[in-house]
A.B. asks: 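Pasting a structure here, questions to come.
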Amino acid sequence: MFAEEKLIPVPFDVYRFDPAQGGEPRYQHYELKLAPHTPVLSGLLKIRDEVDPTLALRYSCRSAICGSCAMLVNSKSRLACRTPVGPEVAKHGRVVIDPMRNQPVLRDLVVDQRGFWSNYRRIEPRLLLDPSRPMPEGRPTQMTPAQVDRFRETPRCIACASCYSACPAVEADPEFPGPMALAKLYRFVVDPRDGAHDERLRKVQLSGLWLCLRCHLCTEACPKDVRPSERIRDLKELAVRSQGATERGSRHAVGFLENIAEAGQLNEMKLVRQTDGLVGTVGQLGQGLRLARKKPELLKKPRTIDGVEEVRKLYEALQKDEEVPL
Ligand code: FES
């Protein structure tokens with residue numbers, strides 16, 4: 001129990017919508033008095049239990065373990081059970097609650113997660129053993145500590161979908177597997193016991209790996225510091241190392257790097273050719289000419305910057321960068 005003087009006014013604006021009833025989504029305003037460290041979830045449960053029993057929300061553990069209370073708190077993906085109201089009120093003057101993005105609303109703060117889970121299933125999140133290399137009896141693992149260390153972050157994931165909600169690539173293309181699925185995929189790709197390393201990388205290149213925008217919003221949203229955007233970057237690197245630049249996205253990334261190593265700055269015209277090949281470049285000719293009329297300098301080969309030797313040294317060091325053997 002907290003002393004009355006420690007309570008602060010906490011204005012809540014909570015998203016309300018019931019598609020079954022029709023009508024438009026709206027925000028319902030509630031005024032509570034709470035201690036500053038009270039979790040947002042406790043505030044919402046107080047509303048549901050004492051003010052408005054029709055409010056729909058999901059939660060279970062109330063301890064940042066189950067991941068079910070993820071929602072937008074003042075526009076940021078958060079676990080409501082571990083987000084205190086005090087700092088939110090101090091920064092925004094109120095607590096605005098929305099359901100997670102990129103998933104259809106079933107009612108109020110409850111979203112339909114079937115897309116999220118079906119994307120997860122697509123990556124086959126389990127060890128796929130190679131029948132020609134059975135596990136040695138009595139030795140359930142052959143991993144070295146360094147190999148285990150490569151995926152130390154991913155087991156922390158609680159599948160709360162905060163990253164999926166924050167991801168603009170999911171919003172643009174629901175076929176994009178999403179940050180969590182890709183981070184989990186990475187965990188199996190670097191597992192030396194898995195027998196589908198190349199096949200997994202081949203499939204994921206064809207099903208959206210390169211749609212990631214590298215915005216890092218997933219990493220910012222993740223409450224467990226899994227850092228999905230870094231795992232996606234690692235997957236891209238592994239895909240290029242194992243299969244070369246075979247996809248449009250990988251050709252663009254490799255071409256970008258080569259451009260920088262060559263002159264220290266981008267040669268835009270060359271990069272288009274490297275990314276799309278001759279046929280693709282011809283298809284973009286109209287747009288290229290319009291662009292060149294506005295910026296004729298794009299047609300010239302860019303000058304090599306001063307100090308490009310330093311850039312090349314970095315490039316060579318990156319090329320030599322040794323991976324832990326699988
Ligand atoms: S209620 Fe389980 S993570 Fe918040």
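Read the numbers this way: they start at 1 and go in the same order the structure lists the ligands and their atoms.
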A.B. asks: What do you reckon, is CG of Leu278 surrounded by more than 12 foreign heavy atoms closer than 6.0 Å?
C.D. replies: no
A.B. asks: Begin with the C-alpha distance, continue with both residues' side-chain angles, and end with the deciding distance and a verdict on side chain to side chain contact (heavy atoms under 4.5 Å, CB included) for Glu262 and Asn267.
C.D. replies: CA-CA 9 Å; Glu262 189 180 319; Asn267 181 336; 5.9 Å; no
A.B. asks: Check this for me, if you would: do Arg227 and Asp225 make a salt bridge, where the nitrogen-to-carboxylate-oxygen distance has to be below 4.0 angstrom?
C.D. replies: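 Looking at Arg227 and Asp225, the cut-off is met.
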A.B. asks: Is Lys46 close to Val51 at the side-chain level, that is, under 4.5 Å between some pair of heavy atoms?
C.D. replies: no
A.B. asks: Look at atom 1 (S) of ligand 1 and say which protein heavy atom is nearest, naming residue and atom and giving the distance to 0.1 Å.
C.D. replies: Arg62 N, 3.2 Å
A.B. asks: Which residue and atom name correspond to the protein heavy atom nearest atom 3 (S) of ligand 1, and how close is it?
C.D. replies: Gly67 N, 3.1 Å
A.B. asks: Find all atoms of ligand 1 within a distance of less than 4.0 Å from any non-hydrogen atom belonging to Ser60, and give their numbers and elements.
C.D. replies: 1 (S)
A.B. asks: Is atom 2 (Fe) of ligand 1 under 2.8 Å from any N, O or S atom of Cys81?
C.D. replies: no
A.B. asks: Could you tell me which atoms of ligand 1, counted from 1 in the order shown, lie closer than 4.0 angstrom to a heavy atom of Cys61?
C.D. replies: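 Counting atoms of ligand 1 from 1, those under 4.0 Å from Cys61 are 1 (S), 2 (Fe), 3 (S).
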A.B. asks: Identify, by atom number and element, the atoms of ligand 1 in contact range of Ala64, meaning under 4.0 Å from any of its heavy atoms.
C.D. replies: 3 (S)
A.B. asks: Give the numbers and elements of all ligand 1 atoms closer than 4.0 Å to a heavy atom of Cys66.
C.D. replies: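 Near Cys66, meaning under 4.0 Å from one of its heavy atoms, ligand 1 has 1 (S), 2 (Fe), 3 (S).
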A.B. asks: Let me check your reading of the structure: within less than 2.8 Å of atom 2 (Fe) of ligand 1, is there an N/O/S atom from Cys69?
C.D. replies: no
A.B. asks: Just wondering, do Ile97 and Tyr15 contact through their side chains at under 4.5 Å, heavy atoms?
C.D. replies: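 Counting from C-beta outward, Tyr15 and Ile97 never come under 4.5 Å.
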A.B. asks: Do the side chains of Lys313 and Glu310 get close enough for a salt bridge, i.e. N-O under 4.0 angstrom?
C.D. replies: yes
A.B. asks: Give a yes or no on this: more than 12 heavy atoms of other residues, nucleotides or ligands lie within 6.0 Å of atom CZ of Arg94.
C.D. replies: no
A.B. asks: What atoms of ligand 1 come within less than 4.0 Å of a heavy atom belonging to Ile65?
C.D. replies: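 It comes down to these atoms of ligand 1: 3 (S).
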